[in-house]
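Notes for the one structure printed next.
Just so you know, these numbers use all the heavy atoms, side chains as well, and skip hydrogens, waters and symmetry mates.
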Amino acid sequence: MRPPLIRIAAALTAAALATSLTTALTGSASAARSDWDVPPNNPGLPVLGYQPDGIHPFAGGLRVHDPALYRGGDGEDWYVFGTGHAELGDGNIQIRSSPNGRHWTYTGTVWDAKPGWLTERIPGVETLWAPEIHHSDGTYYLYYSASTFGSNRSLIALATNTTLDPDDPDHEWVDRGPVFESFEGDPYNAIDPGVVEDAEGRHWMTFGSFWSGIRMVELDWPGGGAVEGAEVLHLADRREPPNAIEAPHITHRDGYHYLFVSLDHCCRVGSDYKVAVGRSADVTGPYVDADGVPLLEGGGTVILAEEGTITGSGGQSVSGGLLAYHYYDTDLGPDFDFRMAIRKLHWTADGWPHVQ
């Protein structure tokens, strides 16, 4: 759930995949200098974050909440976008980059100040949450959420760019305004966007947190906004209060669409947050888990949960066969001291994802 990140601001004032992966994520031991954050109990592939003494602690290379991963191709940088922090760039979406998928550096925020229209529509918004990055026909679409804790007066908005390279002279995040909104009394909460393109080239946006669970609307492409009058589809629901399901992300593989979700409660050391998955041959569902239980009836095959000192794993995205997510480590403490993990997705013979 993205809303608990408001508490951070309050509490702190705030050549095959296997081959290329091994190459990308192998660095020299000399990289582990005093200015690199090296998590003690890294739950996934080896990642380090640049963390010199002179910058804000939450500008560290691995301090990413709700990571939206964009895995670069051969010779390309990797990027990850994360939930904002009130003391950095007016709470705007944060950006980090890596030349190799292992060494990550904070590179700033999308804007220096939130758009004026946004703060008017969502009074009290401090930080922007849970981004999604999607590339299509030479344009990068960055979706993000604006809300306040415990409210479903929320919206999902869009910014676009023609490049992710901040050194490119054409680099500029263009504000495209709101995409979809929820209001008090609506049965859903318009946060946590995820975008997927189906086999026919139609684009869909999943979203949702608590309330009635995971929803979906069709997008008007290539503009990126919601289709006018689009039906709000229902993909997943736990069917019992408080309906703790959120952070949907869909990826396609071998004839199935896989819906990844985060279950239970986020954003603290010792939390029971976890990642689960279901699949469907049709992007609009119905989605079922590995036991055949519909996700609309509380189903979901858990692939990530508590692992020793690692708790609170969720807020996931998938890019290039990799699962990115945030986690909390009881050895790191205190609350809100989170890190990003990246893990390779493995697949069973009958087509279900798991991590090792």
Side-chain angles (χ1 to χ4, degrees), residues 2 16-18 20-21 24-25 43-45 47 62 64-73 76-83 96 98 101-102 104 130-136 140-145 164 192-199 203-208 214 216 235-236 245-263 266 273-281 283 285 287 289-290 295 300-305 313-327 339-348 351-356:
R2 300 313 168 279
L17 174 61
S20 63
L21 190 62
L25 293 170
L45 299 165
V47 289
L62 298 182
V64 189
H65 215 277
D66 314 308
L69 177 66
Y70 183 82
R71 181 184 180 183
E76 295 179 340
D77 285 349
W78 301 32
Y79 295 88
V80 69
F81 299 81
T83 286
R96 288 163 174 82
S98 172
R102 181 176 183 181
W104 290 91
E132 163 74 330
I133 187 69
H134 180 78
H135 184 238
S136 176
Y140 296 91
Y141 295 77
L142 179 68
Y143 291 82
Y144 61 90
S145 314
L164 296 182
D192 293 10
V195 175
V196 61
E197 180 180 2
D198 68 16
H203 285 74
W204 305 83
M205 182 178 73
T206 55
F207 65 92
I214 304 306
M216 170 183 272
L235 302 188
I245 182 171
E246 58 188 6
H249 184 93
I250 294 177
T251 191
H252 183 266
R253 182 181 186 272
D254 292 346
Y256 285 102
H257 295 88
Y258 290 84
L259 171 60
F260 294 82
V261 295
S262 296
L263 303 179
C266 173
Y273 217 37
K274 56 184 67 71
V275 178
V277 66
R279 73 181 186 187
S280 171
V283 70
Y287 287 85
D289 67 16
L295 265 64
T301 299
V302 174
I303 63 169
L304 268 180
S313 298
Q316 67 288 328
S317 64
V318 177
S319 180
L322 303 177
L323 178 73
Y325 62 96
H326 67 249
Y327 69 91
R339 298 292 191 277
M340 174 179 68
I342 299 175
R343 294 172 90 151
K344 180 181 177 182
L345 284 174
H346 299 267
W347 299 85
T348 63
W352 285 97
H354 62 100
V355 296
Q356 294 177 347

What distance do [X] atom [atom1] and [Y] atom [atom2] have between them, rounded to the nearest 0.5 Å?
X: Ile303; Y: Lys274; atom1: CD1; atom2: NZ; answer: 13.0 Å
X: Arg343; Y: Leu304; atom1: CZ; atom2: CG; answer: 5.0 Å
X: Phe260; Y: Ile214; atom1: CZ; atom2: CD1; answer: 13.5 Å
X: Asp66; Y: Tyr325; atom1: CG; atom2: OH; answer: 14.0 Å
X: Lys344; Y: His354; atom1: NZ; atom2: NE2; answer: 10.0 Å
X: Tyr141; Y: Met205; atom1: OH; atom2: CE; answer: 14.0 Å

Any non-hydrogen side-chain atom of [X] less than 4.5 Å from a side-chain atom of [Y]?
X: Leu295; Y: Ile245; result: no
X: Tyr287; Y: Ile250; result: yes
X: Trp78; Y: Trp104; result: yes
X: Thr206; Y: Val196; result: no
X: Leu164; Y: Asp77; result: no
X: Tyr79; Y: Ser319; result: no
X: Cys266; Y: His65; result: yes
X: Leu345; Y: Tyr258; result: no

query: What's the shortest heavy-atom distance between Ser317 and Ala68, and which atoms?
result: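 Nearest heavy atoms, Ser317 then Ala68: OG-CA, 3.5 Å.
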
message: Please give me the minimum heavy-atom distance between Val275 and Gly314, naming the atom from each residue.
response: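 Looks like CG2-CA, 3.8 Å.
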
Got a donor-acceptor contact below 3.5 angstrom from the [X] side chain to the [Y] backbone?
X: Ser145; Y: Asp192; result: yes
X: Arg279; Y: Gly351; result: yes
X: Ser280; Y: His257; result: no

- request: Using only heavy-atom distances, determine whether the side chains of Gln316 and Ser262 contain a donor-acceptor pair under 3.5 Å.
  value: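 Present: a donor and an acceptor within the cut-off.
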
- prompt: Are the ring centres of Tyr70 and Tyr140 closer than 6.0 Å?
  reply: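 When the ring centroids of Tyr70 and Tyr140 are compared, they turn out to be within the sub-6.0 Å range.
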
- prompt: Among all residues two or more places apart in sequence or in another chain, which pass the ring-ring contact (aromatic ring centres under 6.0 Å, His included) test with Tyr143?
  reply: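 Checked Tyr143 against ring-ring contact (aromatic ring centres under 6.0 Å, His included); zero matches.
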
task: In sequence, state the C-alpha distance, the side-chain angles, and the governing distance for Met216 and Val283, and then conclude on side-chain contact (heavy atoms from CB on, under 4.5 Å).
output: CA-CA 10 Å; Met216 170 183 272; Val283 70; 4.1 Å; yes

message: Could you go through Leu322 and Leu45, starting from their C-alpha distance and side-chain angles, then the distance that decides it, and tell me whether this counts as side-chain contact (heavy atoms from CB on, under 4.5 Å)?
response: CA-CA 10 Å; Leu322 303 177; Leu45 299 165; 4.1 Å; yes

query: Using the ring of each side chain (for Trp, its six-membered ring), is His134 parallel, tilted or perpendicular to His203, with breaks at 30° and 60°?
result: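 Plane angle over 60°, so perpendicular.
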
